[in-house]
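Note sheet for the following structure.
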There are 2 protein chains.
Amino acid sequence: MDAKKVEKISKALADPNRLLILKELRKNKNCLYCTDVYEFVDLTQPSISHHLKLLTDAELIIPTKEGRNMKYELNNKMIDQYVNFLQALKA
Amino acid sequence: MDAKKVEKISKALADPNRLLILKELRKNKNCLYCTDVYEFVDLTQPSISHHLKLLTDAELIIPTKEGRNMKYELNNKMIDQYVNFLQALKA
DNA sequence: TTGATACATTCAAATATTTCGATGTATTAA
DNA sequence: TTAATACATCGAAATATTTGAATGTATCAA
């Protein structure tokens with residue numbers, strides 16, 4: 001994983017609301033609908049949409065269109081790659 | 001590790017110059033002097049000082065005063081704790 | 001003690017990020 | 001086809017981060 005990607009993922013993780021989203025994703029068996037997010041994140045719809053976009057752009061979550069809803073799943077592989085980079089720092 | 005700490009560490013990792021510093025720290029057997037940083041980071045002294053402070057505040061590096069120099073060492077334990085948080089997201 | 005070196009701090013400008021109102025698009029229900 | 005729902009996008013304001021010039025402090029060398 002190159003430095004630019006690490007930077008992007010780190011930025012995506014550097015916000016309390018986005019961390020909340022990831023935590024809830026885990027709770028919900030790594031699957032979440034956009035509408036669900038309004039329940040635990042105290043922001044307007046455009047803001048939530050923005051945060052989900054940043055997480056998606058960092059490939060930490062993977063979106064799927066389901067009718068007029070969006071389904072989000074955690075991307076375990078990307079987390080693994082990010083962790084690998086961090087572990088390599090210690091080597 | 002609580003969300004605030006994760007946020008702080010993520011922010012510290014979300015900058016190309018700080019990532020460079022961490023990478024060079026690894027190269028130099030996890031030990032670096034402030035003066036060394038000028039060689040590979042193209043910023044002025046106050047900026048470098050600022051970045052080192054953010055990394056220190058996040059406890060990713062541990063500073064030691066050695067005469068008029070500062071020695072910086074990577075804090076493996078903090079990286080481990082951060083990695084643990086990330087791994088727990090997948091669980 | 002004086003000058004130089006190493007680093008920190010302060011302040012302000014430039015830049016990036018976060019947030020939301022307004023609005024647009026796609027899908028579904030009636 | 002019309003109205004409602006789900007979400008995206010745009011634009012602007014508020015806030016945070018990054019950067020460097022100026023300056024301060026501590027240490028060392030002469």
Side-chain angles (χ1 to χ4, degrees), chain A residues 3-25 28 30-75, chain B residues 3-25 28 30-75:
Chain A
K4 279 224 169 187
K5 185 72 186 176
V6 173
E7 192 190 332
K8 199 166 196 174
I9 293 179
S10 300
K11 272 183 184 160
L13 294 171
D15 177 273
N17 290 309
R18 291 194 291 272
L19 287 176
L20 244 180
I21 291 170
L22 293 177
K23 275 192 174 180
E24 288 291 326
L25 250 173
N28 285 35
N30 291 345
C31 173
L32 207 65
Y33 289 90
C34 198
T35 1
D36 301 330
V37 180
Y38 306 140
E39 289 169 23
F40 57 86
V41 170
D42 191 27
L43 290 174
T44 60
Q45 180 266 321
S47 296
I48 290 172
S49 188
H50 166 73
H51 287 303
L52 287 168
K53 184 168 166 40
L54 289 195
L55 289 170
T56 301
D57 287 351
E59 295 178 282
L60 284 170
I61 60 177
I62 296 169
T64 316
K65 195 166 187 178
E66 284 192 355
R68 63 181 157 179
N69 298 308
M70 289 298 290
K71 183 175 115 185
Y72 292 100
E73 285 170 289
L74 204 69
N75 186 1
Chain B
K4 278 224 168 185
K5 185 71 185 176
V6 173
E7 192 190 332
K8 199 165 196 174
I9 293 180
S10 300
K11 271 183 186 159
L13 293 170
D15 177 271
N17 290 308
R18 290 195 291 271
L19 287 176
L20 245 180
I21 291 170
L22 293 178
K23 274 192 174 180
E24 287 291 325
L25 251 174
N28 285 36
N30 291 345
C31 172
L32 208 66
Y33 289 89
C34 198
T35 1
D36 302 330
V37 180
Y38 306 140
E39 289 169 23
F40 58 85
V41 170
D42 191 25
L43 291 174
T44 59
Q45 180 266 321
S47 296
I48 290 172
S49 188
H50 166 73
H51 287 304
L52 287 168
K53 184 167 166 40
L54 289 194
L55 288 170
T56 302
D57 288 351
E59 294 177 284
L60 284 170
I61 60 178
I62 297 169
T64 316
K65 196 166 186 178
E66 283 192 356
R68 61 182 159 180
N69 298 308
M70 288 299 290
K71 184 175 114 185
Y72 292 100
E73 285 170 288
L74 205 68
N75 186 2

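In what follows, chains are A, B, ... by sequence order, proteins preceding strands, each numbered from 1. This structure is a prediction, so every number in the text was calculated from the model and none was measured.
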Take the protein atom CE of A:Met70 and the nucleotide atom P of D:dC7, then report the distance between them rounded to whole Å.
8 Å
Apply the test side chain to side chain contact (heavy atoms under 4.5 Å, CB included) to residues B:Tyr33 and B:Met70: give CA-CA distance (whole Å), side-chain angles for both, the deciding distance (0.1 Å), then the verdict.
CA-CA 6 Å; B:Tyr33 289 89; B:Met70 288 299 290; 6.0 Å; no
Whole Å only: how far is the CG atom of B:Leu19 from the P atom of D:dT18?
11 Å
Rounded to whole Å, please give me the gap between CD1 in B:Ile21 and C1' in D:dT18.
13 Å
Are B:Ile9 and A:Leu13 close enough, and set up right, to give a side chain to side chain contact (heavy atoms under 4.5 Å, CB included), and what steps lead you there?
CA-CA 9 Å; B:Ile9 293 180; A:Leu13 294 171; over 6 Å; no
Reading DNA chain C from 5' onward, which residue's closest nucleotide shows up sooner: B:Ser47 or B:Asn69?
B:Asn69
Any donor-acceptor pair under 3.5 Å linking the side chain of A:Asn75 with the backbone of A:Glu59?
yes
D:dA8 phosphate, OP1 or OP2: any side-chain N/O from A:Ser49 under 4.0 angstrom?
yes
Pair B:Ile62-B:Tyr72, side chain to side chain contact (heavy atoms under 4.5 Å, CB included): steps then yes or no:
CA-CA 6 Å; B:Ile62 297 169; B:Tyr72 292 100; over 6 Å; no
Rounding to a whole Å, what distance do you find between B:Lys11:NZ and D:dT15:P?
15 Å
Quick check for you: to the nearest 0.5 Å, what is the distance between A:Ile61 atom CD1 and A:Arg18 atom CZ?
10.5 Å
Quickly, which of B:Lys53, B:His51, B:Gln45 forms a side-chain contact (heavy atoms from CB on, under 4.5 Å) with B:Ser49? Name it, please.
B:Gln45
Between D:dT19, C:dC20, C:dT18, which nucleotide has the shortest distance from any of its atoms to the side chain of B:Leu43?
D:dT19
From CA spacing to verdict: side chain to side chain contact (heavy atoms under 4.5 Å, CB included), A:Thr64, A:Glu73:
CA-CA 8 Å; A:Thr64 316; A:Glu73 285 170 289; 4.2 Å; yes
For nucleotides 22-30 of chain C, just jot down a letter per nucleotide in 5' to 3' order: B, S or -, based on protein non-hydrogen atoms under 4.0 Å.
B---SBBS-
Would you say the side-chain atoms of B:Lys5 pair up with the backbone N or O of B:Ala58, donor to acceptor, closer than 3.5 Å?
yes
Specify the separation, in whole Å, of atom CG of B:Leu32 and atom C1' of C:dA6.
14 Å
Tell me, which of residues 53-61 of chain A have any heavy atom that sits under 4.0 Å from an atom in DNA chain C?
A:Leu54
Donor-acceptor pair, distance only, cut-off 3.5 Å: does the side chain of B:Lys8 make one with the backbone of A:Ala14?
no
Select base, sugar-phosphate, or nothing to describe what A:His51 touches, counting heavy atoms under 4.0 Å on all strands.
sugar-phosphate
Starting at atom CG of B:Leu52, determine the distance to atom P of C:dT9, rounded to an integer number of angstrom.
12 Å
Distance check needed: D:dT17 C1' versus A:Glu7 CD, whole Å only.
13 Å
Between D:dT27 atom C1' and B:Tyr33 atom OH, what is the distance in whole Å?
15 Å
